[in-house]
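The next block holds one structure in the form of structure tokens; read it before the comments.
We're numbering straight along the sequence, starting at 1. Whatever order the structure lists them in is the order used to number ligands and atoms, beginning at 1.
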Amino acid sequence: MNYIGDMRIPMRRVAHSRIREVNWDQLELGTYNSDHMLVCDYSEGRWFGPEIIPFGPFALLPTTLAFHYGQTIFEGMKAFRTEDGRVQIFRADKHYHRYLKSAERLCMPAVSPEVFIEGMRRLVQLDKEWVPGGAGTALYLRPFQIATDSRLKLKIADSYRFAIVCSPAGNYFAHPVRVKVEREYARAVRGGTGYAKCGGNYGGSLYPTQKAREEGYDQVLWTDGVSHEYIEESGMMNVFFVIDGVLVTPPLNDTTLDGVTRDSLLVLASAAGIPVEERSVSVEELREGLEHGRVKEAFGAGTAAVISPIWQIGIDGRDYTIPVSRDGSSVGVELKEMLDAIRYGRADDPYGWNFYI
Ligand SMILES: Cc1ncc(COP(=O)(O)O)c(C=O)c1O
């Protein structure tokens, strides 16, 4: 038995680790899962103790509510191996707070920080051999929660399962992407669930994204769901522009996900003296800025790739290319280097973002 603070976390270890099956040169996210997972169940008004058990299937009836009405939420975060061999989870508390917001919006009870953060720490500690080493690699951590009542009637569930699974992720080379400003379909509307990390937001975005892909784009740039005049964010990333030398990102509201990477980049940019503005960016401003060369950079920011440079933006059937700067300098690359230096332990962590295992 193992203990976390006062909390006992029973652990059932695998008889044989699967780690030898891993091809470390080809770590596409989700190809492999680490040996163990954390599970914690809620019923009759309370959470039962978490357990760490071998990664494996859940036994759920076909009538389980999560399969039907989308009462599901998740997080996406990473544990990094530093160059001197330590393992640290990036901004666990910020992810926990976003999980709390998602849980509230989806009418779900939330697990305590002990279960989410300390439970995750214990899981990563047990599976620490699964944290790859090397530039750009990490152990991706996926906490999630689903409604587990077996009943077809739509209602707030009485029982839930919270779980954390881990998947080693390779050096995700973010090749520059081509994005389409989406002015027909919406990802989120005011009053909806856009700011929550709930399954339905992603299911609904598949069709417009597929249509954009058929037109040769990698991703969509969502606009507001009412006027389609203002840029919001990208598929699984927040978006930044460098306009007239200022780093600009759309403000947070209830239609946009409060990205942990977005927040981190804003902090780092301000500290580095880069002028920053959180403000609305209209499609018109973007179009004009692209036409007149005032938009010098555009990039998406998220846990998966940190930064995905955008090289071309499609607006109403016309494509605008952002030229690469002559001297190769880029605010996006500079910020990525600053963030990676903290996450891989090459730089001090003045903000207390790293949570050591
Ligand atoms: C819709 C959406 N926006 C933005 C992000 C970026 O958030 P983060 O930086 O926390 O990964 C994500 C990824 O989680 C996302 O799914």
query: If Ile, Leu, Val, Met, Phe, Trp and Tyr residues are connected whenever their side-chain heavy atoms lie under 4.5 Å apart, and connections chain through other members, are Y351 and M338 in the same group?
result: yes
task: Consider only side-chain N and O atoms of K197 and Y99, and report whether a donor and an acceptor are under 3.5 Å apart.
output: no
For a quick test of your reading: what N or O donor-acceptor pairs under 3.5 Å do the side chains of residues 266-275 make, sequence neighbours left out?
residue	atom	partner	partner atom	Å
S270	OG	L266	O	3.0

field: V248 reachable from V239 in the ILVMFWY side-chain graph, under 4.5 Å edges
entry: yes
- prompt: Looking only at atom types and distance, does a side-chain atom of Q88 sit under 3.5 Å from a main-chain N or O of R343, one as donor and one as acceptor?
  reply: yes
statement: The answer, listing residues by chain and number that come under 4.0 Å of ligand 1 through any heavy atom, is R98, R187, K197, Y202, E233, G235, M236, M237, N238, L257, G259, V260, T261, A301, G302, T303
field: Mutual orientation of the aromatic rings belonging to F299 and F240 [parallel < 30°, tilted 30-60°, perpendicular > 60°]
entry: parallel
